[in-house]
Amino acid sequence: MSIRHLRTLLAIAERGSFAAAARDIHLTESAVSMQMKALEEELGLALFDRTKRPPALTEAARALLPEAKDLVGGYERLTRRKNDLPPVEGHLRLGAVPSVITGILPGAIAAMRRKHPGVHVEITMALSAELVERVGRRRLDAAVVSELSKVPSGLAWLPFAREPLVLIAPPDAPDRPAGELLASYPFIRYTRQAWVGRLIHATMKRRRIKVAETMTLDTLEAVTAMVSHGLGVSIVPDRGRGMAFAFPVRTVTLPGATVHRVVGLLRPESHAKASLADALLVELASQAGGDHRQSRRLASRKLKK
């Protein structure tokens, strides 16, 4: 429903006619008439008795006026409040794990800069453990990390994405279940120095998956390159939302319940750069297909160290 149409309805009710309302809101009388017809069609109500000259408000329209005033007033208050907010600008020292830098982060930063051109982002790439330590020491203003099971005191953890673990196999691999492919191909491991690597290892151990391991690599792109060239299979997080793997691979669902890598933004609870980090969180959640409001709610549920 258009706020503009409701404003026009209120102007007609106040001025007594389409013509007087048109002069008051700087529209033609025909434009006012078209807006009211559109509003009637949307509401499924006859708002005017057009047998009278000028057209008179119906009882249904008069019953609608208090709610229309509330809606228009609320919108105007919201607009004033938005205009009174200080601009989001400044220098954000951001850390991120490699798979995020080559995944959703570029799109999120680009979207944030379109909305907030006064924000400058300096990026440091490292594994989650190092990034958490640097945020804790305030050497970074925020970091995008994964699988944070313990939140250090004074920090807020804002999850925005859940990425399922999947098996990736060479593009020409036979169309077989994940278990058969794991048994027949060498295994290329995502390093256990990364927290997601530990999650993958724990999942394999819990499900008693036996593999013939041939190499360990520390980036998603390196793993997918090796798999794509037929050198083995691997288990990795599927970043989804159009984030194709860097090289062509066959994706196979793992047996059993789906295990997810959780990705989120870590920042100090109270910090001068919190507004910059939260502006980025909105775009990260959008890129991941999530809801940043849920992330903000989860931030209040800290785990004990």
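Not measured: the values here are computed from a predicted model.
The CZ atom of Arg176 sits 7.5 Å away from atom CG of Leu181, with the distance rounded to the nearest 0.5 Å. Rounding to the nearest 0.5 Å gives a distance of 7.0 Å between CG of Leu10 and NZ of Lys69. Between the CD1 atom of Ile200 and the OG1 atom of Thr191 there is a distance of 10.0 Å, given to the nearest 0.5 Å. For the atom pair OG of Ser128 and CD of Glu133, the computed distance is 13.0 Å after rounding to the nearest 0.5 Å. With values rounded to the nearest 0.5 angstrom, Asp278 atom CG is found 7.5 Å from Leu265 atom CG. The OG1 atom of Thr258 sits 9.0 Å away from atom CZ of Arg162, with the distance rounded to the nearest 0.5 Å.
What you find for Arg261 and Leu199 is that their closest heavy atoms are CA-CD2, 3.9 Å. Between Arg267 and Ala277 the shortest heavy-atom distance is CD-CB, 3.7 Å. Residues Ala46 and Thr58 approach most closely at O-OG1, 2.7 Å, considering heavy atoms. Taking every heavy atom of both residues into account, Val262 and Pro159 meet most closely at CG1-CB, 3.8 Å. Heavy-atom minimum distance, Arg207 versus Pro255: NH1-O, 2.5 Å. The shortest heavy-atom contact between Pro177 and Val252 is C-CG1, 4.3 Å.
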Yes or no on side chain to side chain contact (heavy atoms under 4.5 Å, CB included) for Leu254 and Val259, after CA distance, side-chain angles and deciding distance? CA-CA 9 Å; Leu254 293 172; Val259 177; over 6 Å; no
Go through it in stages, so that I can follow the logic: the residues are Arg192 and Thr216, the test is side chain to side chain donor-acceptor pair (under 3.5 Å), and I'd like the CA-CA distance, side-chain angles, deciding distance and then a yes or no. CA-CA 9 Å; Arg192 273 179 272 178; Thr216 300; over 6 Å; no
Test side chain to side chain contact (heavy atoms under 4.5 Å, CB included) applied to Leu39 and Leu6, step by step: CA-CA 8 Å; Leu39 184 60; Leu6 293 178; 4.3 Å; yes
Working for side chain to side chain donor-acceptor pair (under 3.5 Å), residues Thr224 and Glu221: CA-CA 5 Å; Thr224 55; Glu221 286 66 32; over 6 Å; no
What do the steps show when you test Ile3 against Arg7 for side chain to side chain contact (heavy atoms under 4.5 Å, CB included), and what is the final call? CA-CA 6 Å; Ile3 291 293; Arg7 281 199 183 109; 3.9 Å; yes
For a side chain to side chain contact (heavy atoms under 4.5 Å, CB included) check, start with the C-alpha distance between Ile101 and Ile123, then their side-chain angles and the critical distance, and finish with the verdict. CA-CA 9 Å; Ile101 288 181; Ile123 301 176; 3.8 Å; yes
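Residues Val196 and Leu127 do not share a hydrophobic cluster, clusters being chains of Ile/Leu/Val/Met/Phe/Trp/Tyr side chains in contact below 4.5 Å. Note: the hydrophobic cluster containing Met34 does not contain Leu57 (ILVMFWY, side chain heavy atoms under 4.5 Å, direct or indirect links).
Within the 4.5 Å cutoff, the side chain of Trp157 has no heavy atoms near those of the Val132 side chain. Two residues are said to be in side-chain contact when any heavy atoms from C-beta on lie closer than 4.5 Å; Val135 and Val145 fail this criterion. Between Asp141 and Leu94, the closest side-chain pair of non-hydrogen atoms is not below 4.5 Å. Two residues are said to be in side-chain contact when any heavy atoms from C-beta on lie closer than 4.5 Å; Trp195 and Leu148 meet this criterion. Side chains of Met36 and Thr8 form a contact here, defined as non-hydrogen atoms less than 4.5 Å apart. Looking only at side-chain heavy atoms (C-beta outward), Ile104 and Val263 stay at 4.5 Å or farther from each other. The shortest side-chain heavy-atom distance between Pro171 and Arg250 does not fall under the 4.5 Å cut-off. Using a 4.5 Å heavy-atom threshold, the side chains of Ile235 and Met204 count as touching.
Between the Arg138 side chain and the Gly136 main chain, a donor and an acceptor come within less than 3.5 Å of each other. Between the side chain of Ser228 and the main chain of Val249, no donor-acceptor pair closer than 3.5 Å is present. The closest donor-acceptor contact from the side chain of His26 to the backbone of Ala22 lies at 3.5 Å or more, if one exists at all. One N or O on the side chain of Ser184 and one on the backbone of Glu180 form a donor-acceptor pair closer than 3.5 Å. Between the Arg53 side chain and the Arg50 main chain, a donor and an acceptor come within less than 3.5 Å of each other. Panel note: side chain Glu283, backbone Ala111; no donor-acceptor pair is recorded below 3.5 Å.
Heavy-atom contacts from other residues, nucleotides or ligands closer than 6.0 Å to NE2 of His91 number more than 12. Counting heavy atoms of neighbouring residues, nucleotides and ligands inside a 6.0 Å radius, atom CZ of Arg113 does not exceed 12 of them. At most 12 non-hydrogen atoms from other residues, nucleotides or ligands lie less than 6.0 angstrom from CD of Glu59.
Under the 30°/60° scheme for interplanar angles, the aromatic rings of Phe18 and Phe48 are found to stand perpendicular.
A salt bridge does not link Glu122 with Arg93: none of the charged nitrogens is closer than 4.0 Å to a carboxylate oxygen.
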